[in-house]
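First comes the structure, then the notes that go with it.
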Protein chains: 2
Amino acid sequence: MATIRELARQCGVSVATVSRVFNNPEVVNPDTRKNVLDTAARIGYLPNESARTLATKKSHMVGLVWDTHHRRPGWRHPFLQEILIGLKTALSDRGYHLLMLATSDGEGSHDRAVRRHDLDGVVFIDDGTEDPALLRLAASGVPCVSLDRPVTGPRATHVISDNAGGARAAVHHLHGRGRRAIATIAGPGRTAPGAERLAGYRAALAELGLPARDGYVAEGDFYLAGGHAAMRRLLELDERPDAVFVAGDEMAIGAIRAVTEAGLKVPEDVAVVGFDDIELAALVQPGLTTVAQDKAGFGTAAAAALVAMIDDPAAAPPPPSVLPTTLVVRGTT
Amino acid sequence: MATIRELARQCGVSVATVSRVFNNPEVVNPDTRKNVLDTAARIGYLPNESARTLATKKSHMVGLVWDTHHRRPGWRHPFLQEILIGLKTALSDRGYHLLMLATSDGEGSHDRAVRRHDLDGVVFIDDGTEDPALLRLAASGVPCVSLDRPVTGPRATHVISDNAGGARAAVHHLHGRGRRAIATIAGPGRTAPGAERLAGYRAALAELGLPARDGYVAEGDFYLAGGHAAMRRLLELDERPDAVFVAGDEMAIGAIRAVTEAGLKVPEDVAVVGFDDIELAALVQPGLTTVAQDKAGFGTAAAAALVAMIDDPAAAPPPPSVLPTTLVVRGTT
DNA sequence: CTGAAAGCGCTTACAG
DNA sequence: CTGAAAGCGCTTACAG
């Protein structure tokens, strides 16, 4: 592979000049610039990234921490693919690559990988665990953006859906459909989406003057089986709910199954609203009414926040992005 | 950050010795080795990857080419997440990170990124397009493994499901259920899975002595809407099929919808077998009988092939991995 | 078993 | 606008 030295030789200039052509083009004479560019294209010169990183401490790579799955086996994100597309696209438009950080590597932990590779920033996808390496990272001053979970750090911010708002909209919708005995199947309280959606549910009840009955809150785990089990508990109540706001679509589908198995009908006997708007929501019969998240928005917002921090090391971290949600009404309400 | 020089100073040895401790430990005196390791841990020394890569030309990173989605908008993999988990885990166990290669970056194309970053290998996830940059890459001698698509190159191999075998099993299963008018909804002929599953279907018909009727082959696009449209065409045939092998689960779900909309029943009037065994297959009602692919197997097989090529630059590429499939019988047959 | 030295391919003050 | 030189943090023959 041609090196900068070789290119410089062929152009009859110094390596410094070649370097400037690529990094600071406006400072070099237009003619020599053109000459360098042309012969670079001709001989197939490509700057070596390791050498650049070594010299500048900028790797043009952003780490992605996802799935500490040795700890939470089977953990899945409901729309990881959409997030990755959004992230990758937005990042690459700005010249950054995404490095998927391994969890079980010999480097020990994520913060080590970040230092070893001179990563310019990192994005976490929350898996609901408290990873000390992640907290160290956020505290270390490396630009960090966390998805679905607040973080604090000198250069850390997060992007999250308007979970409470979405939950409120769901409950108001149910109320508008004439339902008054509205229960909820919540996500795990240790996750921000779980906690915030539950808070939104409660706020909506208060706004609507509906009583907050203890038994009407069943906690699930965001998975189908959890939703199924939670719904069964709800159906055994003396005052059976006539509607349920479920904090995740997978759980909602499990819940619907439980309703059907009990010989009841959705939405006639029990109306159901989910959260997420996963692909499946439109495919089940009847279609699932749900609170749609801006899936691609996670990636683009994260990339924008990251790049802002990287570009201006002195700036305060951007405020958290709160992505609006949209109620999508289908057949279950 | 502590550098090797600083660590060497603190240990009273040369940087060469420190380097050996990390790269060739058996060659250094046990006592000095221990000393180096201990003080490295104490002062938090971490070897800088860019410097290592610059010196050795090994980056310990593998590129992932996925989603040239500016060209095929909306393209999705039915089980990308499972593949990524398998890949990442297997690779990281061997000390490699995964770099997601951007498509729209300033580097132009994938083969450039590979050279710039000294990537040790690359894995492609087929999107059904012919990317010249990918062909160049495979031809260049960089270790390559392609998923779901044959490639040729001095150090290239691929991993693919036993598509024909799976298709045959599906048709034989339908035949065993007493069906004799068995149609198929095929994937795009330009993709290997599309072509091979169709070939398997035809082979099975021949084995069973069933006629191969022209109208019984409808081509879809692997997506729901395509399966729906294809099924409608099949239902309009004079000799309506009583069974259909659909080359992908999403299409199968679309096909089932078309059957239902036509006032017919699955499986009574038309039995359906899909391919993939996506999560959804177990969730629809009735459950979709389908040919399951070894989803995690893609990642682990790819990682193994890649590492084998990386570890032995002189070796011939490993033969293609053909992953066995499994028929999962549920309610649609 | 260990050290001195060259080299990997860039960038960036510093002079001019 | 351009060049000479130092430096980024490692690895690896080559001697000893």
field: Parallel, tilted or perpendicular: ring planes of B:His117 versus A:His97, cut at 30 and 60 degrees
entry: perpendicular
Run the salt bridge (Lys or Arg N to Asp or Glu O under 4.0 Å) test against [X] and tell me which residues pass, sequence neighbours left out.
X       : result
B:Arg42 : none
A:Arg52 : A:Glu49
B:Lys34 : B:Asp38

Qualifying salt bridge (charged side-chain N to carboxylate O under 4.0 Å, His left out) pairs, either residue in [range], two or more places apart:
range                       : result
residues 5-22 of chain B    : B:Glu6-B:Arg9
residues 298-315 of chain A : none
residues 295-308 of chain B : none

Encoded 5' to 3' (Watson-Crick or G-U under 3.5 Å; [ ] crossing; | other strand), DNA chain D becomes |||.||||||||.|||
Residues of residues 14-28 of chain A with a heavy atom under 4.0 Å from any atom of DNA chain C, listed by number, are A:Ala16, A:Ser19, A:Arg20, A:Asn23
I'd like the P distance from D:dA6 over to D:dT2, given in whole Å. 23 Å
- Query: With sugar-phosphate meaning primed atoms plus P, OP1 and OP2, does A:Ser50 contact a base, only sugar-phosphate, or nothing at under 4.0 Å between heavy atoms?
  - Reply: nothing
Notebook entry, point to check: Checking all strands, does A:Thr32 fall into the base, sugar-phosphate, or nothing category for heavy-atom contacts under 4.0 angstrom?
Noted result: sugar-phosphate
Span of DNA chain C engaged by chain A, first through last nucleotide within the 4.0 Å heavy-atom cut-off, is C:dG9 to C:dA13
Residues passing the side chain to side chain contact (heavy atoms under 4.5 Å, CB included) test with A:Leu135, sequence neighbours excluded, are A:Glu130
Side chain to side chain donor-acceptor pair (under 3.5 Å) pairs touching residues 152-161 of chain B, sequence neighbours excluded, are B:Ser161-B:Gln293
With sequence neighbours left out, the residues meeting side chain to side chain donor-acceptor pair (under 3.5 Å) with A:Asp118 are B:Asn48
